[in-house]
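Accompanying notes for the structure given below.
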Amino acid sequence: MKKSFKPIAFIILVLLFMTTETNAQTFKLSFDHHAILVKDLTESSNFYLNIMGLEEIENKTGKSHIRWFSMGGNTSLHVIEDSKHNVPDVKGVHFALHTKDLDGFIKHLKNNNIYFENWPGEPNTTNSRADGVRQIYLKDPNGYWIEVNEN
């Protein structure tokens, strides 16, 4: 009886392992949204609408202190008013957008007196990442860093 129990226990363990392994491989995570806390919802929303050119979309929360903006596809930016929040000034913590016309975007920034810099911190210029893609960095009205690159 013990001999027949061992193979059954082994089969059960193998099935459990296979089920766990299969479950881990069947779901895929993809980017949904990025949320930021801002001091002035109107000022920040105007920046994302008029400077960054994002389209405002339906705020499915229905809350008046939150606005949503499309970031392409099914991704969005949630701008949430919180007057007590402070943003750390760390360029390495940023979100990135891309454009096919970085020079045109730079001209738009200059026309609107928006400061930008490259990764090393040199004002009004680009740099190329290790993969050859040109990029710039700017801050929104609350101090969040944004990378804009060309690809």
Side-chain angles (χ1 to χ4, degrees), residues 12-151:
I12 290 171
L13 285 173
V14 168
L15 289 173
L16 285 172
F17 175 76
M18 288 176 54
T19 302
T20 303
E21 189 68 26
T22 301
N23 287 340
Q25 294 175 359
T26 57
F27 65 87
K28 277 189 172 180
L29 298 176
S30 59
F31 190 76
D32 183 77
H33 72 272
H34 183 73
I36 60 172
L37 299 177
V38 302
K39 292 183 181 192
D40 185 319
L41 184 62
T42 301
E43 178 186 39
S44 295
S45 296
N46 286 338
F47 174 83
Y48 285 103
L49 283 168
N50 301 319
I51 300 301
M52 300 307 293
L54 299 183
E55 174 189 354
E56 188 162 8
I57 58 175
E58 178 188 2
N59 169 4
K60 295 180 182 176
T61 70
K63 296 179 179 178
S64 62
H65 70 285
I66 301 173
R67 290 173 72 178
W68 289 14
F69 298 89
S70 174
M71 294 183 72
N74 293 325
T75 62
S76 59
L77 173 66
H78 299 178
V79 178
I80 305 164
E81 190 168 62
D82 178 2
S83 61
K84 297 176 186 174
H85 183 69
N86 290 318
V87 177
D89 189 8
V90 180
K91 189 189 290 186
V93 178
H94 63 269
F95 67 88
L97 303 170
H98 63 87
T99 179
K100 294 193 181 299
D101 184 10
L102 185 59
D103 292 324
F105 183 70
I106 288 171
K107 184 177 179 182
H108 171 70
L109 292 177
K110 288 179 177 179
N111 288 341
N112 286 280
N113 298 313
I114 303 294
Y115 175 85
F116 68 93
E117 61 186 43
N118 63 11
W119 177 253
E122 300 164 327
N124 300 313
T125 190
T126 66
N127 69 280
S128 293
R129 300 185 319 206
D131 59 3
V133 173
R134 288 189 322 139
Q135 63 184 9
I136 61 169
Y137 290 83
L138 64 143
K139 289 182 181 182
D140 81 352
N142 291 276
Y144 288 103
W145 282 101
I146 304 167
E147 172 189 341
V148 178
N149 61 57
E150 183 175 59
N151 65 26

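Note that this is a predicted model, so its numbers are computed, not measured.
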Requested in this report: Of all the heavy-atom pairs spanning Met71 and Leu77, show the shortest one and how long it is.
Outcome: SD-CB, 3.5 Å
Query raised in the report: Are more than 12 heavy atoms from other residues, nucleotides or ligands located less than 6.0 Å from atom NE2 of His85?
Result: yes
Query raised in the report: What residues, two or more places apart in sequence or in another chain, satisfy salt bridge (Lys or Arg N to Asp or Glu O under 4.0 Å) together with Glu56?
Result: Arg67
Report summary line: Between Ser76 and Ile57 the two heavy atoms that sit nearest each other are CB-CD1, 3.9 Å
Query raised in the report: If you measure from OG on Ser45 to CD1 on Ile66, what distance do you get to the nearest 0.5 Å?
Result: 11.0 Å
Report task. Give, for atom CZ of Arg129 and atom CD of Gln135, the distance between the pair rounded to the nearest 0.5 Å. Result -> 6.0 Å
Query - Asn59 (side chain) donor-acceptor with Lys63 (main chain) under 3.5 angstrom - result: yes
Requested in this report: Mind listing the closest non-hydrogen atom pair of Val93 and Trp145 along with its distance?
Outcome: O-CB, 3.9 Å
Report task. Name all pairs fulfilling the ring-ring contact (aromatic ring centres under 6.0 Å, His included) condition that reach into residues 104-126, sequence neighbours left out, sorted by first residue then second. Result -> Trp119-Tyr137
Query - Lys/Arg-Asp/Glu bridge criterion (N-O < 4.0 Å) met for Arg134, Asp103 - result: yes
Under 3.5 Å, which donor-acceptor pairs link side chains of residues 33-42 to any protein atom two or more places apart or in another chain?
unit_1	atom_1	unit_2	atom_2	d
Lys39	NZ	Asn86	OD1	3.3
Asp40	OD1	Thr42	N	3.0
Asp40	OD1	Glu43	N	2.9

Requested in this report: Could you tell me whether the side chain of Asn112 and the main chain of Ile114 form a donor-acceptor pair under 3.5 Å?
Outcome: no
Requested in this report: Verify the distance criterion only: is there a donor paired with an acceptor across the side chains of Asp101 and Thr99 at less than 3.5 Å?
Outcome: no
**Report entry** Close side-chain approach of Met52 to Phe69, heavy-atom, < 4.5 Å
**Finding:** no
Query raised in the report: Just how far is it from atom CZ of Phe47 to atom CG of Asn142, taken to the nearest 0.5 Å?
Result: 9.5 Å
Query raised in the report: For Asn111, does the CG atom sit with more than 12 other heavy atoms under 6.0 Å from it, leaving out its own atoms?
Result: yes
Requested in this report: For Gly132 and Ser128, work out which heavy atoms get closest and say how close.
Outcome: O-OG, 4.1 Å
Query - Inter-residue atom distance Ile51.CD1 - Leu109.CG, 0.5 Å rounding - result: 7.0 Å
Report summary line: When rounded to the nearest 0.5 Å, the distance separating CG of Asp140 from OG of Ser44 is 5.5 Å
Report summary line: In this structure, NZ of Lys91 is separated from CG of Leu138 (nearest 0.5 Å) by 10.5 Å
Report task. Taking all heavy atoms of Ile146 and all of His94, pick out the closest pair and write down the distance. Result -> N-CB, 4.3 Å
Report summary line: Heavy-atom nearest pair, Asn149 first then Ala96, reads ND2-CB, 4.3 Å
